[in-house]
Every structure is written in C-alpha cells, then in structure tokens.
Amino acid sequence: MGFTPALHAEWIKIRTLRSLVGGLCAVLSATVAFSAVSALSASSADAATGTDGEDFDPLYSVIFGVSFGQIAAIAFATTAVASEFQGGALRLSLAAVPHRGRWFAAKLTAIALPVLTVGLTTGLITVAVGSAVLGEKADELSTADCLRGALGCAVYLTLMALLAAGLTAVLRSGTAALSILVPFLLIVSFVVGDMSGNVADLLPDRAGQVVLHSRWEGTLGPWTGLAVTALWTATAVAAGAWRVRRRDA
C-alpha cells in the first residue's frame, strides 16, 4: 500500500473514534475558555489597580489557555498511537502497510494535519475572544502580534502532539506517555524554570511558548523557540520510528 492510501486509512481511524474527535474539540474549547478567563482576570486586575503593571503581556493574556489546550492535544496524539498497541491492531495495520516507516509516517501525518487545522482555528478564535474580553488593554496588540500568536498556537500544538506521538511509540503505552508529559508540563517545567535560570528556556514547552508572548527575555525568540521545540519533537519521533521498526508487532 502506498503512502496516500495509508494516510487515508489512518484518517478514517481518527475521524471514526469519538475519543479522538472529542480530543480535538477539547483543544479548542479548553484553550478558548481558559484564555477568556485569563483575559478577564488581567482586565479586572488592571481596572482595580489603575495600572498596567510592568509584567503585563497582552498577547499571552489573551492566549494563555494554550497551556491547557496542549494537554488535550497530547491526549489526542497519545490515544491515536496507543490504540495501535491494543487488541492486535498494529498487526492488522502492518499487514496492510508492511513498510513500517511508511505506516508510521502516515500515522504522524494523520495526527499532525487535524491538530494543525484545529490549532490555527483555535488560535484565531482565542485571539479574537481574548482581545474582546481584555478590552482597551488589547489596543497594545498589533495585527502582527495577533497573527503571530494564532500561527504560533497552531505550530506549537502540532509540535507537542507529535512529540507525544513519538514518546507513545517508544513506550507503547498512552498511559505511560501521559504519566510523563502531563506532570512535566503542569508541574516540573515550572519548578525547573524557577530554579535553573536560562537552562529551563530550552525545555520544549517553555521554548515553544515564547511565540505566544508580546515581549520576552532570554536568548530565544519566537521562532528560535519553536525551532528548539521542533528539535525535541524530531528526537521523539525518530526514537518512536526506531522503536516501531525494531519491536515486534
């Protein structure tokens, strides 16, 4: 089977599993909801104090929910890959596509494309909703900032989903992958960031989220930060591909 039919088959798997469709919907809903709360909180705080605050970042305030939306994105990716290791599904997939590298590439593409599409839609809606909630404070945002935030949201979510897919292929377990990634993103990254200075800037989530800020400090910029996240993702995907080739189905 060629790549295109393999990709079509993988897409059918994704769109027919309610949990995966629900995961994509959760990316949008979680990001928009938490971003609106963040923007409302920032607006209320500024109204109460009468100042903008030195640390106020309007772009991150309106797109803060990506920190939670990424959890749905990695859950989507881990579920899509982990389902192959249950009930002998991988043996059936490889019977149809004996070339393991081609099958894994089709699987990753079938994960990346919907996440990228949903991520871009999420970014645009989140920036619009967050700016409306933030009110006059959103006037500090330029059109370039808004577009960078929306595009950065899409690319960042896609990279994190692929990183999760690669890790799941290595561990052959969605539960194990989520047990590592979720605590890391919600707890470990912040603790390391507070203790290790600039070293934490090279972590995949912290580096990638620079693109979501109006202003930033450190050596990484918006696109170099995404490049660092892409290196983490490429490493995870390469390890996953090696594992798929070497391990019996």
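In this model, no donor atom of one side chain and acceptor atom of the other lie less than 3.5 Å apart for Ser214 and Glu140.
Looking only at distances, no side-chain donor or acceptor of Arg243 sits under 3.5 Å from a matching main-chain atom of Leu171. Checking side-chain atoms of Trp232 against main-chain N and O of Asp205 turns up no donor-acceptor pair under 3.5 Å. At least one donor-acceptor pair closer than 3.5 Å links the side chain of Ser83 to the backbone N or O of Ala80. Without hydrogens or angle criteria, Ser38 side chain to Phe34 main chain gives no donor-acceptor distance under 3.5 Å. Side-chain atoms of Gln70 come within 3.5 Å of backbone N or O of Ser67 as a donor-acceptor pair. Counting only distance, with no hydrogens or angles, the side chain of Arg172 and the backbone of Val244 share no donor-acceptor pair below 3.5 Å. When atom types are taken as modelled, the side chain of Ser61 and the backbone of Ala39 share no donor-acceptor pair closer than 3.5 angstrom. A distance-only check finds a donor-acceptor pair linking the side chain of Thr16 to the backbone of Lys13 [under 3.5 Å]. Looking at Thr224, its side chain never comes within 3.5 Å of a backbone N or O of Leu220 through a donor-acceptor pair. Using a distance-only test at 3.5 Å, with no hydrogens or angles considered, no donor-acceptor pair links the side chain of Ser41 to the main chain of Val37.
Taking the side chain as every heavy atom from C-beta outward, Glu84 and Glu10 approach each other to under 4.5 Å. Using a 4.5 Å heavy-atom cutoff, the side chains of Val182 and Ile74 are in contact. You'll find the side chain of Leu24 stays beyond 4.5 Å of the side chain of Thr117, heavy atoms only. Two residues are said to be in side-chain contact when any heavy atoms from C-beta on lie closer than 4.5 Å; Thr126 and Cys153 fail this criterion. Side chains of Thr143 and Cys146 form no contact here, defined as non-hydrogen atoms less than 4.5 Å apart. With a 4.5 Å cut-off on side-chain heavy atoms, Leu159 and Tyr156 do not count as touching.
Expressed to the nearest 0.5 Å, how far CG of Leu28 lies from OG1 of Thr121 amounts to 7.5 Å. Taking CZ of Arg245 as the start and CH2 of Trp103 as the end, the distance is 11.5 Å to the nearest 0.5 Å. Between atom CG of residue Leu203 and atom OG1 of residue Thr229 there is a gap of 9.5 Å, rounded to the nearest 0.5 Å. With values rounded to the nearest 0.5 angstrom, Thr175 atom OG1 is found 11.5 Å from Ile180 atom CD1. Between Leu162 atom CG and Thr168 atom OG1 the span is 11.0 Å, to the nearest 0.5 Å. The distance from the CZ atom of Phe3 to the CZ atom of Arg102 is 9.5 Å, given to the nearest 0.5 Å.
Hydrophobic clustering of Ile, Leu, Val, Met, Phe, Trp and Tyr side chains at less than 4.5 Å, counting indirect connections, keeps Phe68 apart from Leu120. The cluster map of Ile, Leu, Val, Met, Phe, Trp and Tyr, joined by side-chain heavy atoms under 4.5 Å apart, puts Leu17 and Val118 in the same cluster. Neither Leu147 nor Val210 shares a network with the other; the hydrophobic side chains, linked directly or stepwise wherever heavy atoms of I, L, V, M, F, W or Y lie under 4.5 Å apart, form separate groups for each. By the criterion of side-chain heavy atoms lying less than 4.5 angstrom apart, applied directly or through intervening Ile, Leu, Val, Met, Phe, Trp or Tyr residues, Leu116 is not grouped with Leu226; the two fall into different hydrophobic clusters. Cluster annotation: Leu124 is not connected to Leu59 through the hydrophobic network of ILVMFWY side chains, with a link wherever side-chain heavy atoms come within less than 4.5 Å.
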* Can you list the steps and then say if Arg148 with Trp223 is a side-chain contact (heavy atoms from CB on, under 4.5 Å)? -> CA-CA 10 Å; Arg148 173 167 57 80; Trp223 307 116; 3.9 Å; yes
* To do: Decide side-chain contact (heavy atoms from CB on, under 4.5 Å) for Trp11 and Leu113; before the verdict, give the C-alpha distance in whole Å, the side-chain angles of both, and the deciding distance to 0.1 Å.
  => CA-CA 10 Å; Trp11 170 240; Leu113 291 179; over 6 Å; no
* Asked: Step by step, would you call Thr31 with Ile125 a side-chain contact (heavy atoms from CB on, under 4.5 Å)?
  -> CA-CA 9 Å; Thr31 303; Ile125 294 176; over 6 Å; no
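Residues Gly123 and Ala150 approach most closely at C-CB, 3.7 Å, considering heavy atoms. Taking every heavy atom of both residues into account, Thr78 and Ala177 meet most closely at CG2-CB, 4.0 Å. Pairing each heavy atom of Val21 with each of Arg15, the nearest pair is CG2-O, 3.7 Å. Summarising the geometry of Val115 relative to Ile111, their closest heavy-atom pair is CG2-O, 3.1 Å, with the distance given to 0.1 Å. In terms of heavy atoms, Ala241 sits closest to Phe104 at N-CE2, 3.5 Å. The two residues Val62 and Leu141 have their closest heavy-atom pair at CG2-CD1, 4.2 Å.
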